[in-house]
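Please read the structure below before turning to the comments.
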Protein chains: 2
Amino acid sequence: MSTQSVVTAIRVLEAVSDNQPAGLSELSREVDVPKATVLRMLRTLAELGWVAQSEAQAGKWVLTNHAFAVASRGSSGSVIRDAAMGPLNALQLDTTETVHLAVPDRGYMLIIERLDTPHVLRAFLPLGSRLPMHASSTGMAYLSAADEAFVDGYLAGPLEALTPQTVVDPVQLRTMIVDTRARGYSINEQGLSTGITSIGVPLLGPGGVAAGSISISGPSSRIVPAKYQEYGEAAAGTALEISRALGAFSTKGY
Amino acid sequence: MSTQSVVTAIRVLEAVSDNQPAGLSELSREVDVPKATVLRMLRTLAELGWVAQSEAQAGKWVLTNHAFAVASRGSSGSVIRDAAMGPLNALQLDTTETVHLAVPDRGYMLIIERLDTPHVLRAFLPLGSRLPMHASSTGMAYLSAADEAFVDGYLAGPLEALTPQTVVDPVQLRTMIVDTRARGYSINEQGLSTGITSIGVPLLGPGGVAAGSISISGPSSRIVPAKYQEYGEAAAGTALEISRALGAFSTKGY
DNA sequence: TTCGTCGGTTCACTGGATGAACCGTTGGTT
DNA sequence: AACCAACGGTTCATCCAGTGAACCGACGAA
């Protein structure tokens, strides 16, 4: 691996992100690098405007907005977002429920956009949330379109339960993935958050490769089984439109 | 400045963010560093999962979602967001228009959250958008609460016009800031985007320091002058609540 | 008073970062 | 078809920038 100081710096940055507000010794332990080195990295990152000392607690380090600003222009983020927002907007207006746009990130689904329901009772996920794939409709939808090797790898890893309803049994999850493929959409009943149900559909990018997913979410009292099919099909139609825009089915190669 | 390889790496990262999909020579020129060095940085960042070669165009580099995921847990982001989302949600339901939450980033306002209107005609800003301060209601609201030195510095810089309605005259902008202070809210009529009007109010953090701002936005056909006061006062009430939660007026220090 | 841990500093050593010069390829021009 | 400029990417001798063990003063608990 090259440029190890850069590697260290980025690892420090990620450690800050995960532990903020984070202390020096804490970070040093986390990254397994001497305090002096960690501090040097923090100072450098601070000069660049990516981290700062917390005003509330001296000696504690936090990420700045600038990091967010730079990273928001994320590539697949933008490309997918540009293709997705139009159809997604229509889907939201049709269903009147909250819709999410998510892309994969290291075993999690990252929520990159959200269009809100007008209802007072709202499912709420802050932008940038990372959801475990097995515990979210977006994740299961993504897995249903991902290649077998990825699914095997994911299911082999540790699977955490977020609510009593979260399914963590690999065998059961595999069945659910098969069902999702057959049905065209995934269903998550309170597996992510108690009282929330959601319906997910995968998005395909060039070459038909899984690129992300969309979902319709709301309180379980409104998203009842009788509506699954209607919402599932609406979302599937929207997803098809987006996938097409992403070039999933273009024969002309890339 | 210390750890120059880290500095170079981050500069390369930011250059990728600004120019993606970006080529090697292009980045080398942008950052003013030899191609070999830039390439080494790109490879290191790629190993860490922050950038990747574009699938569409070989040799072009793009940011990954992972960068976004790490950075979304941005500090002031989270703190302000946690304090703001409740009151902001109420404001959105009250006004039925789109509301935004923005924080400053190097002379721009960074949109970190959005709650949508149920109306079919929607003002739309993707999350992570950066708006020039002088061209947005959030920016003018922020400036109205920022310290004089910052305002002077900002107005001294180049001020770009985004629409024919954008005000770029420093003298006029200064008057608008004074008006905003007196009134309690800023008004932006089509200065950011033709057909969009918005009302902004600053948020204060600990010590009464400007920390960000909120806004109500919509089509100019709906956000008419007759509604300015109502919306402005509603937003000001919400902002007060958020600022209080952020500890803007606590006497107990920190 | 003692102890452990905190954030932060120092400095001699050396291995990792640097960048000029290079290669093969591509695409436009004549 | 010959040319050329610009592309992405590679090589390697040079040397300086990054490293980390040992250290400091401050603080809180026992």
Side-chain angles (χ1 to χ4, degrees), chain A residues 1-64 75-76 206 252-254, chain B residues 1-64 75-76 206 252-254:
Chain A
M1 190 176 299
S2 41
T3 13
Q4 50 142 287
S5 69
V6 173
V7 174
T8 307
I10 297 288
R11 290 182 57 218
V12 168
L13 187 67
E14 301 204 9
V16 170
S17 169
D18 285 336
N19 301 60
Q20 61 180 301
L24 179 60
S25 304
E26 183 184 357
L27 292 169
S28 169
R29 256 178 273 115
E30 194 81 24
V31 182
D32 196 27
V33 156
K35 286 195 293 179
T37 303
V38 172
L39 187 61
R40 201 156 6 89
M41 294 310 172
L42 287 170
R43 292 228 170 100
T44 304
L45 291 169
E47 278 173 36
L48 293 162
W50 282 64
V51 304
Q53 298 246 32
S54 164
E55 286 142 37
Q57 308 168 62
K60 297 286 184 178
W61 297 82
V62 293
L63 283 192
T64 63
S75 66
S76 39
K252 242 189 93 197
Y254 34 105
Chain B
M1 189 175 300
S2 41
T3 13
Q4 52 142 286
S5 69
V6 173
V7 173
T8 308
I10 297 288
R11 290 183 57 221
V12 167
L13 187 67
E14 301 204 9
V16 171
S17 168
D18 284 337
N19 300 58
Q20 61 181 302
L24 178 60
S25 305
E26 183 183 355
L27 292 169
S28 169
R29 256 178 274 115
E30 195 82 23
V31 182
D32 197 26
V33 156
K35 285 193 294 178
T37 304
V38 172
L39 186 60
R40 201 155 7 89
M41 294 310 173
L42 287 170
R43 293 227 170 100
T44 304
L45 291 168
E47 280 172 35
L48 293 162
W50 281 63
V51 304
Q53 297 245 32
S54 165
E55 287 142 38
Q57 300 157 268
K60 298 286 184 176
W61 297 81
V62 293
L63 284 191
T64 62
S75 66
S76 36
K252 243 189 95 196
Y254 33 108

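Please read these numbers as outputs of a predicted model, since none were measured by experiment. Residue numbering restarts at 1 for every chain, and letters A, B, ... go by the order of the sequence lines.
Residue A/D32 contributes atom CG, which lies 10 Å from atom P of D/dA21 at whole-angstrom precision. The distance from atom CG of A/L27 to atom P of C/dG8 is 11 Å, rounded to the nearest whole Å. Counting to the nearest Å, the P atom of C/dC11 and the CG atom of A/L39 are 16 Å from each other. Put simply, CD on A/E26 is 13 Å from P on C/dG8, counting in whole angstrom units. What separates CG of A/L42 from C1' of D/dG20 is a distance of 16 Å, to the nearest Å. A/N19 has its CG atom 14 Å from the P atom of C/dC6, to the nearest Å. In this structure, A/L24 atom CG and C/dG4 atom C1' are separated by 16 Å, rounded to whole Å. B/K60 places its NZ atom 9 Å from the P atom of D/dC7, with the value rounded to the nearest Å.
The two residues B/L45 and B/A9 have their closest heavy-atom pair at CD1-O, 3.8 Å. Contact detail for A/E14 and B/L48: the closest heavy-atom pair is OE2-O, 4.3 Å.
Residue A/R43 places none of its side-chain N or O atoms closer than 4.0 Å to OP1 or OP2 of C/dG7. Between B/R40 and the phosphate of C/dA17, there is no side-chain N or O to OP1/OP2 separation shorter than 4.0 Å. A close approach under 4.0 Å does occur between a side-chain nitrogen or oxygen of A/Q4 and OP1 or OP2 of D/dT19. Dashed line: the shortest gap from a side-chain N or O of A/S25 to OP1 or OP2 of C/dG7 is under 4.0 Å.
For B/A36, taking side-chain heavy atoms from C-beta onward, the closest of the listed nucleotides D/dT19, D/dT10, C/dG8 is D/dT10. Distances from the side chain of A/P34 to the nucleotides D/dG9, D/dG20, C/dC6 place D/dG20 closest. Picking from C/dG8, C/dT18, C/dG19 the nucleotide with the shortest atom distance to the side chain of B/M41 gives C/dT18.
Looking at A/L27 and A/L42, their side chains come closer than 4.5 Å, going by heavy atoms from C-beta outward.
Partner of B/R11 under the side chain to side chain contact (heavy atoms under 4.5 Å, CB included) criterion, out of B/V6, B/V31, B/V16, B/V38: B/V31 alone.
With hydrogens and angles left out, the side chain of B/K35 and the base of C/dG19 share no donor-acceptor pair within 3.5 Å.
Note that CG of B/L63 and CH2 of B/W50 are 9.0 Å apart. Values are rounded to the nearest 0.5 Å.
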